Trainee: 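Here you go, one structure.
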Amino acid sequence: MTHVARLTSLVSLHQVAYQFADGFSIFENLNLTFDYSRTAVIGRNGLGKSVLARLIAGQLLPTSGVIERQVAVAYVAQMTAPCDGETVASLAGLAPALHALHRLAQGEADAADLDLVGDRWELAAQFQQALTDAGLPELHAMSPASCLSGGQRARIALLGAFLSDAEMLVLDEPTNHLDQSGRSWVLHMLDQWRGGVIIVSHDRRLLMEVDRIIELTPAGARVYGGNYDVYRARCMQEKEAALAALAHARTECKREQYRLQREHDTIQRRAALSRKNADTANVSRPERYGMKHAATEIMGHVRKQQQTLKTSLDLQIKDAASRVLPDEPILLALLASSLPAQKQVLNVDGALFPWLDVSHPASRLTLTLAGPVRVAVTGPNGCGKSTLLHML
């Protein structure tokens with residue numbers, strides 16, 4: 001993906017914080033600027049990537065701070081739930097503009113319709129061509145969206161954003177529901193896009209095509225220039241440096257603790273000797289008491305200094321340890337089963353697929369599963385994988 005970044009600020013966040021209704025704060029004093037650079041937002045689940053995307057797009061309001069938008073922003077959520085009566089055009093977010101174009105063609109438009117259309121007079125033809133390019137040539141603007149698969153819905157929502165009049169796109173996990181051809185289509189569309197784009201994603205292939213990466217961590221947001229390979233290299237360098245700093249802090253702490261212990265023992269012996277000498281010195285009782293008190297006071301002062309130093313060393317270790325971010329574990333728990341190998345689990349005999357005509361040669365399924373078998377269901381978007389699972 002070839003892209004020359006322009007440095008004009010499109011969206012800026014100033015001291016932004018966001019707090020949930022239960023009082024939990026996910027951002028505090030967040031300062032970020034987004035320009036035409038292709039930016040990816042990454043981080044562990046639960047750290048606020050989707051919240052940040054919705055804040056940038058204006059879907060949420062910050063609890064405090066200011067978000068400045070210099071251009072129109074189009075937002076595509078990672079899950080688009082079907083609505084009753086929804087059409088392909090409304091799913092794409094283009095229904096108002098397409099309806100306005102229709103009224104203009106019928107001579108029934110008003111000033112609001114002209115504002116909706118803007119300079120997109122070819123939007124209807126562009127939308128139909130975009131559907132074909134997205135691998136959905138059988139659909140048109142008024143096609144019902146209720147029968148579409150998750151991957152098909154994702155493509156339509158995305159192409160609607162690409163055809164919008166926005167200059168900044170905010171895409172939340174845009175490839176989550178897409179098959180391989182759909183992911184290639186997204187990369188192609190992003191290659192053609194000349195506005196700004198912010199992508200929340202775990203898709204490494206997609207992350208290889210960005211200009212910079214913002215990583216959300218428990219300590220805040222960290223900005224890295226370059227794609228995923230550059231980010232990983234920088235992370236490894238930072239982690240090695242953080243581990244080295246932690247090891248150095250621990251070594252220094254042990255060395256200092258050993259020195260302090262020797263110093264403590266030496267001063268304690270001297271204080272004990274001073275108190276003993278005070279008992280045998282040829283001085284008055286008040287002077288003898290003063291000598292003993294001075295020795296005890298010196299010992300107390302030394303203990304206080306040493307405790308302050310130990311606290312400082314502990315803080316240095318904690319600070320160094322906080323810079324060592326733990327690796328994110330990836331766990332896919334497929335628990336073992338005690339099911340006998342010959343135990344029949346599923347028997348399907350000539351079941352008719354609800355999305356295929358009865359005359360279709362592949363319209364019926366015959367399948368037997370026995371024992372603790374694991375089955376992968378694969379295929380392109382829209383071929384019926386989810387419907388098959390519902391049927392089973």
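Model, not experiment: these values are computed from the prediction.
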Trainee: Would you compute the distance between atom CD of E28 and atom OG1 of T63 and round it to the nearest 0.5 angstrom?
Mentor: 10.0 Å

Trainee: Check whether any side-chain heavy atom of T368 sits under 4.5 Å from a side-chain heavy atom of Q344, and report yes or no.
Mentor: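 In short, these two side chains touch, coming nearer than 4.5 Å.
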
Trainee: Does any part of the side chain of F24, heavy atoms only, come nearer than 4.5 Å to the side chain of Q19, both counted from C-beta?
Mentor: no

Trainee: Evaluate the criterion side-chain contact (heavy atoms from CB on, under 4.5 Å) for residue pair V345 and L339; output intermediate values, then yes/no.
Mentor: CA-CA 9 Å; V345 176; L339 197 68; 3.3 Å; yes

Trainee: Quick check: does any side chain N or O of T87 sit under 3.5 Å from a backbone N or O of S90, one acting as donor and the other as acceptor?
Mentor: yes

Trainee: Yes or no on side-chain hydrogen bond (donor to acceptor under 3.5 Å, both in side chains) for S149 and R155, after CA distance, side-chain angles and deciding distance?
Mentor: CA-CA 10 Å; S149 72; R155 292 194 200 202; over 6 Å; no

Trainee: Using the six-membered ring of F34, assess whether NZ or CZ of R212 lies under 6.0 Å from its centre and within 45 degrees of the ring axis.
Mentor: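 Ring-cation test returns yes.
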
Trainee: Could you list the residues that satisfy side chain to side chain donor-acceptor pair (under 3.5 Å) with S12, not counting sequence neighbours?
Mentor: S9

Trainee: Where is the tightest heavy-atom contact between H202 and G43, given as atom of each residue plus distance?
Mentor: NE2-O, 3.5 Å

Trainee: Is it true that L389 and L346 fall in one hydrophobic cluster, defined by side-chain heavy atoms closer than 4.5 Å?
Mentor: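 Looking at the clustering, L346 is in the same group as L389.
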
Trainee: At their closest point, which heavy atom of R364 faces which heavy atom of G350, and how far apart are they?
Mentor: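 Nearest pair, atom of R364 first, then G350: NH1-O, 2.9 Å.
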
Trainee: Working to the nearest 0.5 Å, report the span between CG of L61 and CD1 of I67.
Mentor: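 Between L61 CG and I67 CD1, I get 8.0 Å after rounding to 0.5 Å.
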
Trainee: Spell out, as yes or no, whether a donor-acceptor pair under 3.5 Å connects the side chain of N227 to the backbone of M208.
Mentor: yes

Trainee: Residues two or more places apart in sequence or in another chain: which of them pass salt bridge (Lys or Arg N to Asp or Glu O under 4.0 Å) with R183?
Mentor: D203

Trainee: Applying the 4.5 Å side-chain criterion to the ILVMFWY set and letting contacts propagate, would L98 and M142 be lumped into a single cluster?
Mentor: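 As far as the 4.5 Å side-chain criterion goes, M142 and L98 are not connected within one cluster.
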
Trainee: Say whether V51 and Y75 are linked into one hydrophobic cluster, either directly or through other cluster members, by side-chain heavy-atom distances under 4.5 angstrom.
Mentor: yes

Trainee: Measure from the ring center of Y18 to the ring center of F20 and say whether it is less than 6.0 Å.
Mentor: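 Yes, they do, as the ring centres are separated by less than 6.0 Å.
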
Trainee: Looking only at the aromatic ring of each residue, does the gap between the centers of Y224 and Y231 stay below 6.0 angstrom?
Mentor: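 Aromatic pair counts; centres sit under 6.0 Å.
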
Trainee: Before giving the answer on side-chain hydrogen bond (donor to acceptor under 3.5 Å, both in side chains), spell out for N31 and Q15 the whole-Å C-alpha distance, their side-chain angles and the decisive distance to 0.1 Å.
Mentor: CA-CA 5 Å; N31 295 286; Q15 298 293 107; 2.7 Å; yes

Trainee: Around atom CD of Q342, are there more than 12 heavy atoms from other residues, nucleotides or ligands closer than 6.0 Å?
Mentor: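 Check fails, neighbour count at 12 or below.
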
Trainee: Would V197 and L171 satisfy side-chain contact (heavy atoms from CB on, under 4.5 Å), going step by step from the backbone distance to the final call?
Mentor: CA-CA 8 Å; V197 61; L171 312 179; 4.1 Å; yes

Trainee: Decide yes or no for K385 and H390: does some side-chain heavy atom of the first lie under 4.5 Å from some side-chain heavy atom of the second?
Mentor: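 No. Closest side-chain heavy atoms not under 4.5 Å.
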
Trainee: Group every Ile, Leu, Val, Met, Phe, Trp and Tyr by side-chain heavy-atom contacts under 4.5 Å, then state whether L131 and W193 land in the same group.
Mentor: yes

Trainee: Should L30 and L52 count as side-chain neighbours, where that means a heavy-atom distance under 4.5 Å?
Mentor: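 Yes - at least one pair of side-chain heavy atoms lies under 4.5 Å apart.
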
Trainee: How far apart are the C-alpha atoms of S184 and S181, what are their side-chain angles, what is the distance that settles it, and do they pass the side-chain hydrogen bond (donor to acceptor under 3.5 Å, both in side chains) test?
Mentor: CA-CA 5 Å; S184 297; S181 65; over 6 Å; no

Trainee: Kindly give the heavy-atom pair with the smallest separation between D179 and N381, and that separation in Å.
Mentor: OD2-N, 2.7 Å

Trainee: Would a distance-only check, ignoring hydrogens and angles, find a side-chain to backbone donor-acceptor pair under 3.5 Å from R234 to G225?
Mentor: no

Trainee: Rounded to the nearest 0.5 Å, what's the gap from CG on L163 to CZ on F127? Could you check?
Mentor: 7.5 Å

Trainee: Rounded to the nearest 0.5 Å, how far does CD of E209 lie from OH of Y228?
Mentor: 14.5 Å

Trainee: In sequence, state the C-alpha distance, the side-chain angles, and the governing distance for L114 and L104, and then conclude on side-chain contact (heavy atoms from CB on, under 4.5 Å).
Mentor: CA-CA 8 Å; L114 290 172; L104 283 165; 3.8 Å; yes

Trainee: Could you tell me if the side chain of H177 sits less than 4.5 Å from the side chain of R153, heavy atoms only?
Mentor: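 No, their side chains stay 4.5 Å or more apart.
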
Trainee: Between L123 and A97, which heavy-atom pair has the shortest distance, and what is it?
Mentor: CD2-CB, 3.6 Å

Trainee: What do the steps show when you test V76 against V170 for side-chain contact (heavy atoms from CB on, under 4.5 Å), and what is the final call?
Mentor: CA-CA 6 Å; V76 179; V170 180; over 6 Å; no

Trainee: Is there a side-chain contact between V348 and T366, using heavy atoms and a 4.5 Å cut-off?
Mentor: no

Trainee: Does L158 reach the side chain of W185, with side-chain heavy atoms less than 4.5 Å apart?
Mentor: yes

Trainee: Answer yes or no: does atom CG of D84 have more than 12 heavy-atom neighbours from other residues, nucleotides or ligands under 6.0 Å?
Mentor: no

Trainee: As an exercise, state the distance from CD1 of I199 to CG of L169, rounded to the nearest 0.5 Å.
Mentor: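 I199 atom CD1 to L169 atom CG measures 8.5 Å (nearest 0.5 Å).
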
Trainee: Applying side-chain hydrogen bond (donor to acceptor under 3.5 Å, both in side chains) as the test, list every pair that has at least one member in residues 100-124; sequence neighbours left out.
Mentor: R103-D113

Trainee: Nearest 0.5 angstrom please: K49 NZ to I214 CD1, how far?
Mentor: 13.0 Å

Trainee: Evaluate the side-chain proximity of L91 to L148: yes if any heavy-atom separation is below 4.5 Å, no if none is.
Mentor: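 When only atoms from C-beta onward are counted, L91 and L148 do touch, with a gap below 4.5 Å.
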
Trainee: At their closest point, which heavy atom of A74 faces which heavy atom of S164, and how far apart are they?
Mentor: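 Looks like CB-OG, 3.7 Å.
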
Trainee: Do you know which two heavy atoms are closest between M168 and D35, and how far apart they sit?
Mentor: CE-O, 3.8 Å

Trainee: Following the transitive rule for hydrophobic clusters with a side-chain heavy-atom cut-off under 4.5 Å over Ile, Leu, Val, Met, Phe, Trp and Tyr, establish whether V66 and V11 coincide in one cluster.
Mentor: no

